[in-house]
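Below, all heavy atoms of this structure are taken into account, side chains as well, without hydrogens, waters or symmetry copies. Lettering of chains follows the sequences in order, A, B, ..., and the numbering in each one begins at 1.
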There are 2 protein chains.
Amino acid sequence: MEKSPRNTKQRRTLAQVFAGADQPLSVEEAWVRVRRLQPRVALGTMYRNVRGLLEQGELAVVHFPGQAARYELEGKAHHHHFECRSCNQAFDLSGCTDKVRFKVPRSFKVHGHEIIVYGLCAKCAAKR
Amino acid sequence: MEKSPRNTKQRRTLAQVFAGADQPLSVEEAWVRVRRLQPRVALGTMYRNVRGLLEQGELAVVHFPGQAARYELEGKAHHHHFECRSCNQAFDLSGCTDKVRFKVPRSFKVHGHEIIVYGLCAKCAAKR
DNA sequence: TGCTAATTGCTAATCATTCTCGTTTAGCAG
DNA sequence: CTGCTAAACGAGAATGATTAGCAATTAGCA
């Protein structure tokens with residue numbers, strides 16, 4: 001047989017936090033939320049579980065240049081992200097012009113792509 | 001008056017290495033090449049100078065999810081990157097379908113975007 | 001209810017990057 | 001050409017994110 005991931009309380013709480021999140025969370029951001037529901041969870045456990053959920057395909061990574069990795073529930077429609085250069089928050093951008101064609105050499109094998117748009121979010125843009 | 005960046009030997013060698021590079025280099029990759037021309041350069045100095053050149057607008061950063069930052073000469077034509085998931089090398093992709101339109105809320109201010117295509121490079125794809 | 005391997009909490013270790021500090025040196029004044 | 005001073009250097013310690021190691025817990029099946 002394969003593996004048998006256990007349904008621990010901290011794993012459940014973590015999944016619950018991501019399910020209730022409206023934007024990608026870093027491990028530490030998630031940790032803060034998890035501890036509100038269940039104090040005394042180790043940060044290391046957070047990393048382990050995030051990795052676990054990631055491998056099970058329940059979470060997806062979102063990388064922002066120069067920042068800690070963030071995660072969100074997998075299975076959303078194909079979308080990309082916006083990063084505010086002022087407050088560093090991450091936002092989801094629905095849709096992606098699928099016309100995106102890149103001049104990748106034929107010999108290369110394309111698995112996917114990632115697009116990050118950056119600038120200022122509404123709040124930060126208003127402050128100027 | 002402003003600042004006065006000194007024209008040191010290590011700064012010159014570093015610029016020279018980037019000028020001769022055909023792909024984005026991480027600080028450590030650049031370090032290896034610099035030391036071939038000039039042994040006994042400290043890694044910390046590499047970071048300092050990369051940052052300096054970056055601030056002077058002579059270098060541009062390229063971030064690859066989960067990897068150390070890479071740098072390349074600034075001023076190339078608008079282009080994006082390909083990351084090989086097997087050998088982790090970075091390749092330049094010329095051009096960018098400028099039709100790329102994202103559904104960013106009007107209130108957001110867009111500064112730019114970054115696209116990363118990932119998969120297998122020619123060499124790694126052939127090994128399968 | 002009991003057993004055992006998966007999981008946890010805690011701590012030490014790693015990696016990339018930045019910082020500190022005493023020493024060297026670019027580049028201008030004399 | 002010689003001196004001076006702040007910028008830059010080298011070496012190593014410090015930081016932040018993430019992973020690994022290990023003894024103590026515990027989920028889940030017999």
>> If I take atom CG in residue B:L25 and atom C1' in nucleotide C:dA16, what distance separates them, rounded to the nearest angstrom?
In response: 16 Å
> Would a 4.5 Å heavy-atom cut-off, applied to side chains only, mark B:V62 and B:E72 as touching?
Replying inline: yes
> What's the CZ-C1' distance between B:R70 and C:dT17, to the nearest Å?
Replying inline: 16 Å
> Once you round it to whole Å, what is the distance between P of D:dA7 and CG of B:L53?
Replying inline: 18 Å
> Who pairs with A:N7 by side chain to side chain donor-acceptor pair (under 3.5 Å), at least two apart in sequence or on another chain?
Replying inline: A:R12
> Nearest-Å distance, CG (A:N49) to C1' (D:dT19)?
Replying inline: 14 Å
> Quick one: on DNA chain C, does A:T45 or B:S26 contact a more 5' nucleotide (nearest heavy atom)?
Replying inline: A:T45
Contact list (N/O, under 3.5 angstrom) for nucleotides 26-30 of chain D vs protein:
residue: D:dT26; atom: O2; partner: A:R6; partner atom: NH1; Å: 3.1
residue: D:dG28; atom: OP1; partner: A:N7; partner atom: N; Å: 3.0

>> I'd like to know if A:I115 and B:V61 are part of one continuous hydrophobic network [Ile/Leu/Val/Met/Phe/Trp/Tyr, side-chain heavy atoms within less than 4.5 Å].
In response: no
> To the nearest Å, how far apart are B:E28 CD and C:dC15 P?
Replying inline: 10 Å
> Among all residues two or more places apart in sequence or in another chain, which pass the side chain to side chain donor-acceptor pair (under 3.5 Å) test with B:R35?
Replying inline: none
So which protein nitrogen or oxygen atoms get under 3.5 Å of nucleotides 18-20 of chain C's nitrogens or oxygens?
none

Kindly give the atom pairs (protein nitrogen or oxygen, nucleotide nitrogen or oxygen) under 3.5 Å for nucleotides 13-16 of chain D.
none

>> Using a 3.5 Å distance criterion without hydrogens, assess whether the side chain of A:W31 forms a donor-acceptor pair with backbone atoms of A:Y47.
In response: no
> How close or far is atom C1' of C:dG9 from atom CD of A:Q38, stated in whole angstroms?
Replying inline: 12 Å
> How many Å lie between CD on B:E29 and P on C:dC15, as a whole number?
Replying inline: 16 Å
>> Does the plane of the ring in B:F91 sit parallel, tilted or perpendicular to the ring in B:F82? Use 30° and 60° as the thresholds.
In response: perpendicular
>> Run the side-chain contact (heavy atoms from CB on, under 4.5 Å) test against B:T13 and tell me which residues pass, sequence neighbours left out.
In response: B:K9, B:V34, B:L37, B:Q38
> Would you say B:V41 and B:M46 make side-chain contact, with heavy atoms under 4.5 Å?
Replying inline: yes
>> When both hydrogen-bonding distances must be under 3.5 Å and the geometry is Watson-Crick or G-U wobble, what is D:dA30 paired with, if anything?
In response: C:dT1
>> So B:D92 and B:H81, do their side chains get closer than 4.5 Å, heavy atoms only?
In response: yes
> Over how many whole Å does the gap from B:W31 atom CH2 to D:dG10 atom P extend?
Replying inline: 10 Å
>> Less than 4.0 angstrom between a side-chain N/O of A:Q10 and OP1 or OP2 of C:dG9, yes or no?
In response: yes
